[in-house]
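We name chains A, B, ... by the order of the sequence lines, and we start the count at 1 in each one. Only this structure's heavy atoms are used, side chains among them; waters, hydrogens and symmetry mates stay out. Not measured: the values here are computed from a predicted model.
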There are 2 protein chains.
Amino acid sequence: MKNISQRMSSHKAGELVKDPTTLVETYPKVPLTVDCVLFGFEENVLKVLLIRSDLQVFDGLWSLLGDNVLDNEELDDAANRILKERTGMDDIYLEQVRSFSHPARHPGGRVITVAYCSLINIQHHQLKILDHELHWHEVQSLTKMAFDHFEILTYCNQWLQKRIQEHPLGFNLLPVKFSMRELQNLYEAILNHQLDRRNFRKKFASMGLLIDVNEIEDNVPHRPGKLYKFNFEKYEKNKRNWIGIDF
Amino acid sequence: MKNISQRMSSHKAGELVKDPTTLVETYPKVPLTVDCVLFGFEENVLKVLLIRSDLQVFDGLWSLLGDNVLDNEELDDAANRILKERTGMDDIYLEQVRSFSHPARHPGGRVITVAYCSLINIQHHQLKILDHELHWHEVQSLTKMAFDHFEILTYCNQWLQKRIQEHPLGFNLLPVKFSMRELQNLYEAILNHQLDRRNFRKKFASMGLLIDVNEIEDNVPHRPGKLYKFNFEKYEKNKRNWIGIDF
DNA sequence: ACATTGTTGTGTATTTTATACACATTCGAA
DNA sequence: TTCGAATGTGTATAAAATACACAACAATGT
């Protein structure tokens, strides 16, 4: 109750607040950051883009791409700005995942962070900015990171696993034209699980969302596979919201 | 880039930061609140617990149960505290949903809020605190609310619809012992969709998670139905993480 | 030219799950 | 006793998931 009465102190109980600005000025303020978990896919392995931490206490440890949120900046905008600043990339799929607020998560004091996920086609976007040893790391190889970033990464990885099964996110990690094998490798890498090749193909074929571009792979040391594009227009049109209890 | 160099100003580029506290002090700070979307179920209707807004600009409009986050308070703790302060309730299922950060969402200036959802059994918890005209509203009847709370409510409602199909949340809204009809009414109310009675029962029967308590309803003006309990232990043990691409 | 190797592309049988649908039973109320 | 209204149950059909095998193809090496 303490806090409610504290807020009330600026006006009598039961009376309406006429000046919201004065009210907001009484609120405690916290430093707020956004951390971007940038996933990429290369050599059939799921990767994440990291930098070397600035902080001496985290000497040698890797860190997500984060920055503080600016005055009057929306969180989505902050995430996009950080992505742009760090990688030069624009117009990338980005999604808020959740906030992390443990009081001791930052050695410099209380800092709350909001995690965003982004999926990047590594081939399509050469990294132009390499500050802080920015580069890709295999997700599976990481164990310790700066701050609570390993926890955030783990959470986002699970989020991605669930998300990719219900939404066509994966195509953001592939070239525009891809083979069935590439697609399956992507799913297997993210889900960390082997899938039956024939059933996988059947599943995607039955969805009717892949466009056969009548081309085949080259530079493969074996029989080349057909290439496909994902039909985003059709997907957007037919987006279903199904009902099916399952737990 | 502006912001990175701004942060850098406290130390030379390439050098490690030795004093993280000083670093954090340079971060902009924002007022942060938690808004709780408390769902309940009564008379076969999904309801949400609201208070009358304090603010004159929102004269007459209803508002979610929110409060600012205290110094060094975790968001989860803040949400639990607010729930307790407003309703007297403790030990309630609470889950973070997402943050809302539009710069103009609060008339008093920039305030970021984190939405939490909670599901409450209305019968089991009489409201002891009725400040600010706290009471239950039919979700379907709401159109305009204070702040961006209608947007938050809508988002949380959709979140709930998805969530209830994959997790046994619904049982938090029912009495410990409930009939199949009550359970189905709950799902129909939340999903806003009619379900086939026989298939619904078959589905839950096949899950094997309902315990027949060998009792029947009373005080119903028709043939009473059998009562069941949800087997939380068995659910926790067998929690599966299935793989199935579907979009 | 040919055999070898590895991957592509396809089909079918089986099981499981979802959907659609109807009727007798039970209790309360009149 | 009868009526009304909801309970409890089963079956047939369609759709989806799963398990599994073999021929066709292109590249490579001989």
Side-chain angles (χ1 to χ4, degrees), chain A residues 43-44 161-162 164-166 168 174-175 177-189 191 193-229 238 240-247, chain B residues 43-44 161-162 164-166 168 174-175 177-189 191 193-229 238 240-247:
Chain A
E43 294 156 5
N44 293 340
Q161 290 182 335
K162 188 164 156 45
I164 202 178
Q165 294 185 58
E166 301 178 343
L174 292 174
K177 299 170 184 177
F178 51 86
S179 69
M180 276 293 190
R181 165 56 47 196
E182 288 177 288
L183 184 60
Q184 185 173 345
N185 284 342
L186 172 66
Y187 271 84
E188 290 182 340
L191 298 178
H193 193 279
Q194 297 292 109
L195 301 168
D196 181 273
R197 192 168 58 89
R198 282 161 293 183
N199 294 336
F200 182 87
R201 297 162 90 93
K202 206 189 309 177
K203 178 70 197 171
F204 272 94
S206 76
M207 289 194 282
L209 292 171
L210 296 186
I211 301 168
D212 184 342
V213 294
N214 284 315
E215 292 177 50
I216 54 169
E217 295 176 291
D218 54 2
N219 297 325
V220 285
H222 55 74
R223 176 180 176 183
K226 297 171 90 170
L227 296 180
Y228 298 88
K229 284 200 296 188
N238 304 351
R240 62 172 186 167
N241 44 345
W242 53 273
I243 295 199
I245 297 154
D246 237 332
F247 52 81
Chain B
E43 295 156 4
N44 294 338
Q161 290 183 335
K162 189 165 156 44
I164 202 178
Q165 294 185 59
E166 301 178 343
L174 292 174
K177 300 170 184 178
F178 51 86
S179 68
M180 276 293 191
R181 166 55 49 194
E182 289 177 287
L183 184 60
Q184 184 173 345
N185 284 340
L186 172 66
Y187 271 85
E188 289 183 343
L191 298 178
H193 193 280
Q194 296 292 111
L195 301 169
D196 181 90
R197 192 167 57 91
R198 282 160 294 185
N199 293 336
F200 182 86
R201 297 163 90 92
K202 206 187 312 177
K203 180 70 198 171
F204 272 93
S206 77
M207 288 195 281
L209 292 172
L210 297 185
I211 301 170
D212 183 341
V213 293
N214 283 314
E215 292 177 49
I216 55 168
E217 295 177 291
D218 54 2
N219 298 325
V220 285
H222 55 72
R223 175 180 177 182
K226 297 170 89 171
L227 295 181
Y228 297 88
K229 284 200 297 188
N238 304 352
R240 63 173 187 167
N241 44 345
W242 52 273
I243 294 199
I245 297 152
D246 236 332
F247 51 81

So what does [X] touch, heavy atoms closer than 4.0 Å: a base, only the sugar-phosphate, or nothing?
{"X": "A:Arg181", "result": "sugar-phosphate"}
{"X": "A:Lys202", "result": "base"}
{"X": "B:Arg197", "result": "base"}

(message) I'd like to know if A:Lys177 pairs up with A:Glu215 as an ion pair, taking the criterion as any Lys NZ or Arg NE/NH1/NH2 lying under 4.0 Å from an Asp or Glu carboxylate oxygen.
(response)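 Looking at A:Glu215 together with A:Lys177, the answer is yes, because their closest N to O distance falls below 4.0 Å.
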
(message) So that I can tick it off, tell me whether A:Lys203 and B:Asp246 are bridged by a salt bridge, with the cut-off set at under 4.0 angstrom between side-chain N and carboxylate O.
(response) yes

(request) Report yes if some heavy atom in the side chain of A:Lys202 is under 4.5 Å from a heavy atom in the side chain of A:Met207; otherwise report no. (result) no

(request) May I ask you to test the A:Arg197-A:Met180 pair for a side-chain heavy-atom distance under 4.5 Å? (result)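 Not touching, per the 4.5 Å side-chain cut-off.
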
(message) Looking at the base of D:dA24, is there any donor atom on it, or on the side chain of A:Arg223, that sits under 3.5 Å from an acceptor on the other one?
(response)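 Looking at the base of D:dA24, it does pair with a donor or acceptor on the side chain of A:Arg223 (distance under 3.5 Å).
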
(message) Looking at B:Arg201, I'd like to know whether one of its side-chain N or O atoms comes within less than 4.0 Å of OP1 or OP2 on D:dG8.
(response)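 Answer is yes, contact under 4.0 Å.
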
(request) Could you tell me whether the phosphate oxygens of C:dA18, OP1 or OP2, come under 4.0 Å of any side-chain nitrogen or oxygen in B:Lys203? (result) yes

Nearest-Å distance for atom pair [atom1]/[atom2], residues [X] and [N]:
{"X": "B:Leu183", "N": "D:dT7", "atom1": "CG", "atom2": "P", "value": "12 Å"}
{"X": "B:Asp218", "N": "C:dA29", "atom1": "CG", "atom2": "P", "value": "11 Å"}
{"X": "A:Tyr228", "N": "C:dT8", "atom1": "OH", "atom2": "C1'", "value": "10 Å"}
{"X": "B:Asn185", "N": "D:dA5", "atom1": "CG", "atom2": "C1'", "value": "14 Å"}
{"X": "B:Lys226", "N": "D:dT7", "atom1": "NZ", "atom2": "P", "value": "13 Å"}
{"X": "A:Phe200", "N": "C:dT8", "atom1": "CZ", "atom2": "C1'", "value": "15 Å"}
{"X": "B:Ile245", "N": "D:dT18", "atom1": "CD1", "atom2": "C1'", "value": "14 Å"}
{"X": "A:Glu217", "N": "C:dG9", "atom1": "CD", "atom2": "P", "value": "8 Å"}

(request) Would you mind telling me which residue lines up with the more 5' stretch of DNA chain D, B:Gly225 or A:Ile216, judged by nearest nucleotide? (result) B:Gly225

(message) Both B:Asp196 and B:Pro224 contact DNA chain D. Which one's nearest nucleotide lies toward the 5' end?
(response)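 Of the two residues, B:Pro224 wins.
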
(request) Indicate whether the side chain of A:Gln165 and that of A:Gln161 have a donor and an acceptor atom separated by less than 3.5 Å. (result) no

(request) Please tell me which of the listed nucleotides, D:dA19, D:dA21, D:dT7, lies nearest to the side chain of A:Arg198? (result) D:dA21

